[in-house]
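One structure is given here, and the rest of the page talks about it.
Along the sequence shown, residues carry numbers from 1.
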Amino acid sequence: MAIKNAFYAQSGGVTAVINASACGVIQTARKHPDKIGKVFAGRNGIIGALKEELIDTSLESDDAIQALIHTPGGAFGSCRHKLKNISENRREYERLIEVFRAHDIGYFFYNGGGDSQDTAYKVSQIADKMGYPITCIGVPKTVDNDLPFTDCCPGFGSVAKYIATSTLEASLDIKSMCETSTKVFILEVMGRHAGWIAASGGLAGQGEGEPPHIILFPEIPFDRESFLARVDHCVKEYGYCVVVASEGAQYEDGRFLADAGAKDAFGHTQLGGVAPALANMVRQALGHKYHWAVADYLQRSARHIASATDVEQAYAVGKAAVEMALEGKQALMPTIVREQGKPYRWKIGEAPLSEVANQEKKMPIHFITDDGFGITQDCRDYLEPLIAGESFPPFDNGLPRVAKLQNTLTEKKLKTDFQL
């Protein structure tokens, strides 16, 4: 078997643990020098392949690659760039083949969510439709936890731990001040069409009256009057009300509560502003003093409070991707299979990219309480193992230590530049 180089890239919104997957890919590839030569990382995702901007990871020390495990963000840069079908944009695929051939690339590992798995699947079709043999394996990642076929998605467990922790800590603040000050606190979290992240806030409280008192899920149509009635009840009954709201909360007709009026490169509506919208409703209808916060990038970059389970699984899918490729498997994505709930046990499975691409896994209705404002015990049982364990990064002078890569680009071999 001829030695071929590999291409690895990160795609979409990054997470606290996507670099752990990168570490899994690179370290595992380094263990097989008889089959994989260099691992090139795309500078800013698939764009790096199109522009022939390939980072030579072989120039990084073992210690630098190991440090990726405790470094948030995307170490090689990410992007939101959706490849169209070959029939619609043959030009990009011809460019990919040109770059892959020039750098003797025979393995393609794409680390991302549903849209990214679609890209990986399309690249896998190059072998059949355009005559260039390349082994393609998707590496799962998304804080939204909405990829199908996998029990959970690397990146989600750490966001869930951050949101549950933040909800708990902020609730104690509000509770201590509610007699004479703020009575309503609203935390806006990520989650376009699936309420997994919002649901994780529910882990902060156990019993009746414990915050969060209201969770707003994309899966449950928002009803203004029911929401305000619940807020009013909680303030009267408990003295305060804590709300965790998904950015994707929407009315029954599908309109988002907060539509920023723009779309990203994947065609998704740009969301944001649910918290102030809800706070304004509370002010106008009930007159309570409020505070709101948007977790935004903080929730997906909080490596200092990452879930140990999440870190372990993120590394494992990167490792498994390389192992699958070396076994000759094609157009697959490693998955996480829950073997047992208590005690929690999991293993690596696999799913075809053709079925994973562009699919969204929403929360099961039995994970949401009948009133639509909370999580059930089934949901709690699902979530708790995913936030379990601490994986603290090393600290220097009170701050987390992060990887410092050279990210040296390999010399270009093609004479033409590529315009996106």
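With T150 contributing its side chain and C152 its backbone, the two residues share a donor-acceptor pair below 3.5 Å. Judged by distance alone, the side chain of E188 and the main-chain N or O of V274 form a donor-acceptor pair under 3.5 Å. Side chain of Q313 to main chain of I336: no donor-acceptor pair is present (N/O by atom type, distance under 3.5 Å, no hydrogens or angles). Using modelled atom types, one side-chain atom of S200 and one backbone atom of I197 make a donor-acceptor pair closer than 3.5 Å. At least one donor-acceptor pair under 3.5 Å links the side chain of D223 to the backbone N or O of S226. A distance-only check finds a donor-acceptor pair linking the side chain of Q299 to the backbone of M190 [under 3.5 Å]. Distance alone, capped at 3.5 Å, is enough to place a donor-acceptor pair between the E60 side chain and the N407 backbone. Under the 3.5 Å distance criterion, the side-chain polar atoms of E219 are matched with a main-chain donor or acceptor of G195. At distances below 3.5 Å, not a single donor-acceptor pair connects side-chain atoms of Y290 with backbone N or O atoms of L278. Within the 3.5 Å criterion, the main-chain N or O of I134 finds a donor-acceptor partner in the side chain of Q330.
Residues that satisfy the salt bridge (charged side-chain N to carboxylate O under 4.0 Å, His left out) test with R30, not counting sequence neighbours, are D62.
Between F109 atom CZ and T135 atom OG1 the span is 8.0 Å, to the nearest 0.5 Å. For the atom pair NE2 of H103 and NZ of K413, the computed distance is 6.0 Å after rounding to the nearest 0.5 Å. In this structure, S354 OG and D118 CG are separated by 11.0 Å, a value rounded to the nearest 0.5 Å. From S58, atom OG reaches atom CD1 of I36 across 13.0 Å, with rounding to the nearest 0.5 Å. The distance from the CZ atom of F418 to the CD atom of E92 is 5.0 Å, given to the nearest 0.5 Å. How far NZ of K329 is from CD1 of I137: 8.5 Å, rounded to the nearest 0.5 Å.
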Stepwise side-chain hydrogen bond (donor to acceptor under 3.5 Å, both in side chains) check, D371 with T369: CA-CA 6 Å; D371 64 7; T369 53; 2.7 Å; yes

C241/H288 under side chain to side chain contact (heavy atoms under 4.5 Å, CB included): CA gap, chis, key distance, verdict: CA-CA 10 Å; C241 180; H288 296 311; over 6 Å; no

Audit row: F76, T57, side chain to side chain contact (heavy atoms under 4.5 Å, CB included) steps and yes/no: CA-CA 10 Å; F76 308 108; T57 68; 4.1 Å; yes

Steps toward side chain to side chain contact (heavy atoms under 4.5 Å, CB included) verdict (V99, L54): CA-CA 10 Å; V99 172; L54 308 180; 4.2 Å; yes

Test side chain to side chain contact (heavy atoms under 4.5 Å, CB included) applied to V317 and I348, step by step: CA-CA 7 Å; V317 295; I348 293 292; 4.0 Å; yes

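A donor atom on one side chain and an acceptor atom on the other are not found under 3.5 Å apart for D310 and S307. Between the side chains of Y315 and Q27, a donor-acceptor pair is found at a separation under 3.5 Å. Side chains of N19 and Q10: a donor-acceptor N/O pair is present below 3.5 angstrom, by distance only. Using a 3.5 Å distance cut-off with no hydrogens or angles, the side chains of S87 and N85 do not pair a donor with an acceptor.
In Q340, the CD atom is crowded: over 12 heavy atoms of neighbouring residues, nucleotides or ligands sit closer than 6.0 Å. The environment of K175 atom NZ is sparse: at most 12 non-hydrogen atoms of other residues, nucleotides or ligands sit within 6.0 angstrom. Surrounding CD of E411 are at most 12 heavy atoms belonging to other residues, nucleotides or ligands under 6.0 Å away. Around atom CD of E339, more than 12 heavy atoms belonging to other residues, nucleotides or ligands sit under 6.0 Å away. The environment of CE in M281 is crowded: more than 12 heavy-atom neighbours from other residues, nucleotides or ligands sit within 6.0 Å.
With ring centers used as reference points, Y240 lies 6.0 Å or more from F185. Side-chain rings of F40 and F7 stay apart, their centers remaining 6.0 Å or farther from each other.
A cation-pi arrangement is present between R300 and Y297 under the rule of less than 6.0 angstrom and at most 45 degrees off the ring axis.
Residues P385 and G341 share a closest heavy-atom pair of CG-O, 4.3 Å. Closest heavy-atom contact between I69 and C23: CG1-SG, 3.6 Å. A pairwise comparison of heavy atoms in I387 and A160 identifies CG2-CB, 3.6 Å as the closest pair. Heavy-atom minimum distance, A275 versus A293: CB-O, 4.2 Å. Of all the heavy atoms in D34 and I3, the pair that sits closest is O-CG1, 3.1 Å. The minimum heavy-atom distance between Y132 and I105, with the atom names listed, is OH-O, 2.7 Å.
Side-chain contact between K31 and V322: absent, with no pair of heavy atoms (C-beta onward) separated by less than 4.5 Å. Looking only at side-chain heavy atoms (C-beta outward), Y121 and L83 stay at 4.5 Å or farther from each other. Two residues are said to be in side-chain contact when any heavy atoms from C-beta on lie closer than 4.5 Å; L203 and R380 meet this criterion. In this structure, the side chains of I55 and Q406 stay at 4.5 Å or more apart for every pair of heavy atoms. At a threshold of 4.5 Å between non-hydrogen side-chain atoms, the residues H291 and M177 do not count as touching. Here the side chains of L386 and Y344 are in contact, with some heavy-atom distance below 4.5 Å. The side-chain heavy atoms of V123 and Y110, taken from C-beta on, include no pair separated by under 4.5 Å. Put simply, the side chain of V159 does not reach to within 4.5 Å of the side chain of T15, judged on heavy atoms.
Sorted by first and then second residue, the pairs that involve residues 386-397 and meet side-chain hydrogen bond (donor to acceptor under 3.5 Å, both in side chains), not counting sequence neighbours, are K161-E390, R303-S391, D396-R401.
E98 has a carboxylate O that lies under 4.0 Å from a charged side-chain N of R95, or vice versa, which qualifies the two as a salt bridge. Using a cutoff of 4.0 Å between basic side-chain nitrogens and carboxylate oxygens, R80 and D115 are not scored as salt-bridged.
Screening F217, F227, F256, F373 for a ring-ring contact (aromatic ring centres under 6.0 Å, His included) with F222, the sole residue that qualifies is F227.
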Only distances under 3.5 Å count here; give the side-chain donor-acceptor pairs of residues 138-149 to other protein atoms, sequence neighbours excluded, each with its distance to 0.1 Å.
| residue | atom | partner | partner atom | Å |
| --- | --- | --- | --- | --- |
| K141 | NZ | S11 | O | 3.0 |
| K141 | NZ | G13 | O | 2.6 |
| T142 | OG1 | D144 | N | 3.2 |
| N145 | OD1 | C153 | N | 2.9 |
| N145 | ND2 | Y382 | OH | 3.0 |

